[in-house]
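Here is the structure we will look at, set down as structure tokens.
From a predicted model like this one, the values you see are computed outputs, not experimental measurements.
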There are 2 protein chains.
Amino acid sequence: MLQDTYIPPTVTVDGVIFQMLDEKLTVLLIKRARDPFMGAWALPGGYNAAGETTHEALNRILTVKAGVSVRQLGVVEQLYTFDSVARDPRGHAVSITYMGLGKGVELNGHDAQSPQFFSVAHLPKLAYDHNKIIVYAHERLKAKLAYTNVAFALLPHEFTLTQLQSVYEAILGTPLDKRNFRKRLLSLDILQETTELSKEGAHRPARLYTFRDRELVTLVRSFD
Amino acid sequence: MLQDTYIPPTVTVDGVIFQMLDEKLTVLLIKRARDPFMGAWALPGGYNAAGETTHEALNRILTVKAGVSVRQLGVVEQLYTFDSVARDPRGHAVSITYMGLGKGVELNGHDAQSPQFFSVAHLPKLAYDHNKIIVYAHERLKAKLAYTNVAFALLPHEFTLTQLQSVYEAILGTPLDKRNFRKRLLSLDILQETTELSKEGAHRPARLYTFRDRELVTLVRSFD
DNA sequence: TCAAAAGTGTTCAGGATACACCCATGC
DNA sequence: GCATGGGTGTATCCTGAACACTTTTGA
């Protein structure tokens with residue numbers, strides 16, 4: 001089936017890496033070093049070569065361009081594959097996008113392309129259609145809050161329910177009722193109460209919780 | 001960024017084409033003409049060459065291998081992109097899968113690879129991991145029944161509520177309550193009552209309905 | 001004693017579920 | 001007149017939404 005004349009399209013991989021900073025959802029961007037869009041902010045991305053999987057390519061790209069390893073990310077999930085406009089004489093390109101969720105991600109001394117986390121709520125105009133890709137990833141993340149334990153990947157091992165609520169609020173973009181939020185999250189059976197308290201500030205200490213699982217768990221669906 | 005030495009992975013496109021036959025959900029399969037898995041049933045798929053989009057490749061592959069045009073399909077949706085095991089010396093391959101939904105799809109005189117629709121409930125062992133891909137597509141379709149009008153792509157222009165219910169039941173794999181089903185579907189505001197009746201058989205004629213839209217519509221979400 | 005965040009229950013409305021009988025037709 | 005599928009309504013349960021005050025601590 002494979003002719004000798006078969007020439008594959010260019011394949012690229014792009015990553016939408018989220019983490020919480022200062023109670024805001026932020027996304028990792030780099031400054032493009034070359035045309036097209038030289039100097040513009042963009043998602044970290046690059047070519048996928050023969051002999052490496054898309055995950056391997058993602059890891060390599062994040063490492064080289066931003067000093068981030070996928071091992072620092074609690075969740076990595078494929079988003080969508082775009083047919084991109086040709087960027088070279090080979091014709092159409094295919095772009096596979098991933099979403100990654102982390103916490104305390106360090107950008108180890110890679111300032112060549114100035115990797116930085118930007119608040120998702122106030123993004124500059126990005127290269128290509130990267131703004132749309134981020135919106136898509138954000139929607140996916142919003143939806144997953146409702147029926148998975150994804151939030152674990154964005155929080156420290158132990159956290160207070162108020163911290164957890166602030167993550168939900170930042171991602172959903174709406175304030176939530178404290179009592180209803182606690183009732184619901186506790187009823188999902190994804191959290192584990194610890195015996196520890198966080199005592200910070202001049203107020204009553206807060207109970208610390210952990211997630212029962214540190215990997216993505218999908219809760220039961222609901223249609224008939 | 002693009003070295004002259006860049007060699008992309010092999011890119012393939014596979015289609016999971018569903019239609020209703022005899023009140024059952026069925027999927028289009030072909031018999032593989034070459035190794036690997038020569039003689040085994042498989043999803044129609046093939047190489048994506050430079051210069052064509054994945055949609056174009058899908059259309060070409062379906063046309064050549066099964067005599068099906070994507071224009072016969074009411075819905076075409078990308079499913080997932082798999083890193084496949086290398087099938088040739090180029091190394092890893094990337095496989096982009098699509099789901100297509102049709103009705104009355106004709107396989108125009110292409111019996112070279114014996115294209116046929118098989119009941120999803122009773123599939124043979126397929127080549128590669130195609131059984132898993134079909135399960136994935138089936139899950140996606142189930143989920144979409146709940147919050148979109150996808151079913152339009154599987155039904156004739158006019159249909160009875162009983163026909164519609166039978167599509168839902170076949171896909172979900174459970175019987176549904178007639179009164180509750182009608183109440184719910186009618187409340188979604190995706191159907192349009194016609195003035196026509198279907199009079200077949202020795203019983204009361206049934207009201208015919210159409211879908212208000214003949215393109216995919218997503219209903220409102222529900223999280224906070 | 002004051003400020004600041006933690007923690008906690010009840011009421012209400014709307015949607016989902018369960019359930020059984022009469023209707024219109026062809027033969 | 002009978003067999004066949006078409007068509008309809010109500011009572012109940014459960015989930016989601018709204019809503020305000022007391023508790024514990026540090027300063």
task = May I have the distance from A:Phe181 (atom CZ) to C:dT8 (atom P), rounded to whole angstrom?
result = 14 Å
ask   = Do B:Tyr98 and B:His55 have ring centroids that are under 6.0 Å from one another?
value = yes
ask   = Could you state the CG-P distance from A:Leu176 to D:dA17, rounded to the nearest angstrom?
value = 10 Å
request  = Summarise how protein sits on nucleotides 6-15 of chain D as a single string, 5' to 3': B when a protein heavy atom is under 4.0 Å from the base, S for sugar-phosphate-only contact, - for no contact.
outcome  = BBBBB-----
message = Are the side chains of A:Arg207 and A:Thr160 in contact, using a 4.5 Å heavy-atom criterion?
response = no
task = Evaluate the ring planes of A:Tyr80 and A:Tyr136, with Trp represented by its six-membered ring, and classify them as parallel (under 30°), tilted (30 to 60°) or perpendicular (over 60°).
result = perpendicular
query = Are A:Phe117 and A:Phe18 an aromatic pair by the rule of ring centers under 6.0 Å?
reply = no
request  = Write down the distance between CZ (A:Phe159) and P (C:dA6), rounded to a whole number of angstrom.
outcome  = 14 Å
task = Measure from the side-chain N and O atoms of A:Asp177 to the backbone N and O of A:Arg179, and report whether any donor-acceptor pair falls under 3.5 Å.
result = yes
Spacing of A:Leu164 atom CG relative to C:dG7 atom P, expressed in whole Å = 12 Å
ask   = Between B:Phe181 and B:Tyr168, does the ring centre distance come in under 6.0 Å?
value = yes
